[in-house]
Every structure is written in C-alpha cells, then in structure tokens.
Amino acid sequence: MDKRPCNSQDVEVRKGPWTMEEDLILINYIANHGEGVWNSLAKSAGLKRTGKSCRLRWLNYLRPDVRRGNITPEEQLLIMELHAKWGNKWSKIAKHLPGRTDNEIKNYWRTRIQKHIKQGENMNGQGSSEQNTDHQEGSSSQMALPLLVKQIP
DNA sequence: AATGGCTGCAACCGCTTACCA
DNA sequence: ATGGTAAGCGGTTGCAGCCAT
C-alpha cells in the first residue's frame with residue numbers, strides 16, 4: 001500500500017486537523033453519493049486528502065450516528081468486560097457499543113482505564129512490572145473492575 | 001499574570017486482511 | 001495460485017486546553 005501518487009497532479013496532500021469546510025464537503029459528498037472507494041471518493045469530492053484520512057474522519061467523527069463524549073458507567077463496564085475477554089480488539093469491542101468508535105474506545109482505555117488499573121496495582125503494593133498493561137492484563141483488568149467503576153466518575 | 005507540566009483527543013503511520021483480476 | 005489494490009485495524013504521536021505553582 002501507500003504507493004507513490006500515480007500521477008503528478010495529486011502532489012499536494014493535506015495532513016493534520018480537518019477544517020469545517022473539508023468536513024462539509026465530505027458530508028455533502030457522502031450524502032449525495034454514499035460511501036464508496038475512499039481514494040476515488042476523496043478525489044471526486046475535491047478533497048486534498050488521502051482516502052484513508054477521509055475514511056477515518058467519516059467513521060470517527062462525521063458519521064451521523066456517532067455519539068461523542070460521556071461514556072456511561074454501563075458502557076465503561078462493558079468495555080472492561082469485553083477487553084478482558086478479547087484484549088485490544090477495539091473494533092470488535094466497538095461493535096458492541098452502538099455509536100462508539102474503536103478510536104474513541106481505544107483512547108478512553110489508554111487515557112483513563114489503564115491509568116486507574118496501574119494505580120490500583122500500585123495500591124496493592126505489588127509494583128508489578130509494566131509489561132502487563134496491555135492485552136495481557138485481561139485478568140488484572142477484571143480484578144480492577146469493581147474498583148474502577150467506583151473510582152471513575 | 002506567566003509559565004511549565006499534564007491530560008485527553010484527533011489524526012497519522014505502518015502492518016494485516018480481504019477481495020478481485 | 002498469485003499478485004496487486006483497497007479497506008480495516010491497532011499503535012503512536014502531536015497538539016490544544018486545563019491546572020497547579
């Protein structure tokens with residue numbers, strides 16, 4: 001993948017944060033034509049973005065059914081249960097949380113839950129090595145689960 | 001009021017998987 | 001059966017905003 005641009009016309013590829021104008025172009029284009037092959041979609045819509053970038057933006061932010069922020073305690077519990085079961089299979093987990101994206105769940109896990117698990121482990125005085133912070137921690141996250149539900153507002 | 005550190009989120013990168021000719 | 005292409009996925013990074021000093 002990630003081949004060179006096949007013609008010299010599309011030299012300019014924008015990166016970084018999306019502007020409101022770009023968002024609108026993408027939303028309108030998909031509203032009129034639907035999702036398709038992302039690379040050609042990006043071109044046809046006149047966006048100077050890669051198809052990959054368009055897809056990510058659409059799935060994680062622009063889709064009408066995306067719910068943002070305010071992860072409920074129920075969702076949090078579910079995330080933890082599913083993570084204990086499957087590990088870092090974020091997209092799989094996201095499928096069980098309607099309106100939530102894998103990126104959001106991943107971020108939520110890494111920034112909040114993981115931190116609390118570490119704190120919990122430290123409180124146990126184990127000081128256990130940091131190797132098991134990720135998918136190996138299935139068991140430890142399960143143990144920390146009740147603690148977390150109380151701790152996270 | 002200024003500033004330095006921390007946190008959380010959006011977006012990118014690189015690898016893997018699925019599909020098609 | 002094989003090679004090429006697009007999509008999907010997970011990990012990582014950059015940066016804006018917040019908070020403590």
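Nothing here was measured: the structure is a model prediction, and the numbers come from that model. Below, chain A is the first sequence line, B the second, and so on; all start at residue 1.
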Practice problem: Round to a whole Å and report the spacing from CG of A:Asn107 to P of B:dC9. | Solution: 7 Å
Practice problem: Mind running side chain to side chain contact (heavy atoms under 4.5 Å, CB included) on A:Glu75 and A:Arg67 for me, showing each step along the way? | Solution: CA-CA 12 Å; A:Glu75 285 176 318; A:Arg67 284 162 56 205; 2.9 Å; yes
Quiz item: Considering only heavy atoms from C-beta outward, does the side chain of A:Ile93 approach that of A:Asn88 to under 4.5 Å?
Solution: no
Practice problem: Mind checking A:Gly16 for me? I need base, sugar-phosphate or nothing, with any heavy atom below 4.0 Å counting as a touch. | Solution: sugar-phosphate
Quiz item: Please give, in whole Å, the distance from B:dA10 P to A:Met20 CE?
Solution: 14 Å
Exercise. State, yes or no, whether a side-chain contact exists between A:Arg49 and A:Leu26 at a heavy-atom distance under 4.5 Å.
Key: no
Quiz prompt | Rounded interatomic separation in angstrom, taking NZ from A:Lys52 and C1' from C:dT12 | solution = 13 Å
Quiz item: Which whole-number value in Å describes the distance from A:Arg110 CZ to B:dG8 C1'?
Solution: 13 Å
Quiz item: Taking a pair as Watson-Crick or G-U wobble with both distances under 3.5 Å, which nucleotide is matched to B:dA2?
Solution: C:dT21
Quiz prompt | Short side-chain N/O contact from A:Ser91 to OP1 or OP2 of C:dG8, under 4.0 Å | solution = no
Quiz item: Within less than 4.0 Å of OP1 or OP2 of B:dC12, is there a side-chain N or O belonging to A:Thr50?
Solution: no
Quiz item: Would a 4.5 Å heavy-atom cut-off, applied to side chains only, mark A:Trp18 and A:Leu47 as touching?
Solution: yes
Practice problem: Decide yes or no for A:Thr19 and A:Arg14: does some side-chain heavy atom of the first lie under 4.5 Å from some side-chain heavy atom of the second? | Solution: yes
Quiz item: Quick one, which residues of residues 26-39 of chain A touch DNA chain B with a heavy atom under 4.0 Å?
Solution: none
Quiz item: Counting only N and O atoms by type, is there a donor-acceptor contact under 3.5 Å from the side chain of A:His83 to the main-chain atoms of A:Ile79?
Solution: no
Exercise. Round to the nearest Å and state the distance from A:Leu41 atom CG to C:dT5 atom C1'.
Key: 17 Å
Quiz prompt | Flag, side chain of A:Arg57 to backbone of A:Leu62, donor-acceptor distance under 3.5 Å | solution = no
Quiz item: Can you find a donor-acceptor pair, distance only, under 3.5 Å between A:Lys89 side chain and C:dG10 base?
Solution: no
Quiz item: Do the side chain of A:Lys15 and the base of C:dG14 come within less than 3.5 angstrom through a donor-acceptor pair of N or O atoms?
Solution: no
Exercise. Provide, to the nearest angstrom, the distance between the CG atom belonging to A:Asp102 and the P atom belonging to B:dA10.
Key: 13 Å
Quiz prompt | B:dA10 phosphate, OP1 or OP2, under 4.0 Å from A:Asn103 side-chain N/O | solution = no
Quiz item: To the nearest Å, how far apart are A:Trp109 CH2 and C:dT12 P?
Solution: 16 Å
Quiz item: How about A:Asn103 and A:Leu59: do any of their side-chain heavy atoms sit closer than 4.5 Å?
Solution: no
Quiz item: Has A:Trp90 got a side-chain N or O lying under 4.0 Å from the OP1 or OP2 atom of C:dG11?
Solution: yes
Quiz item: Taking the side chain of A:Tyr61 as its heavy atoms from C-beta onward, which of B:dC12, B:dA10, C:dC9 lies nearest to it?
Solution: B:dA10
Self-check item: Any A:Arg49 side-chain nitrogen or oxygen under 4.0 Å from OP1 or OP2 of B:dC12
Solution: yes
Quiz item: Under 4.0 Å: is that the gap between some side-chain N or O of A:Arg57 and OP1 or OP2 of B:dA10?
Solution: no
Quiz item: Can you tell me how far C1' of C:dG8 sits from NZ of A:Lys95, to the nearest Å?
Solution: 9 Å
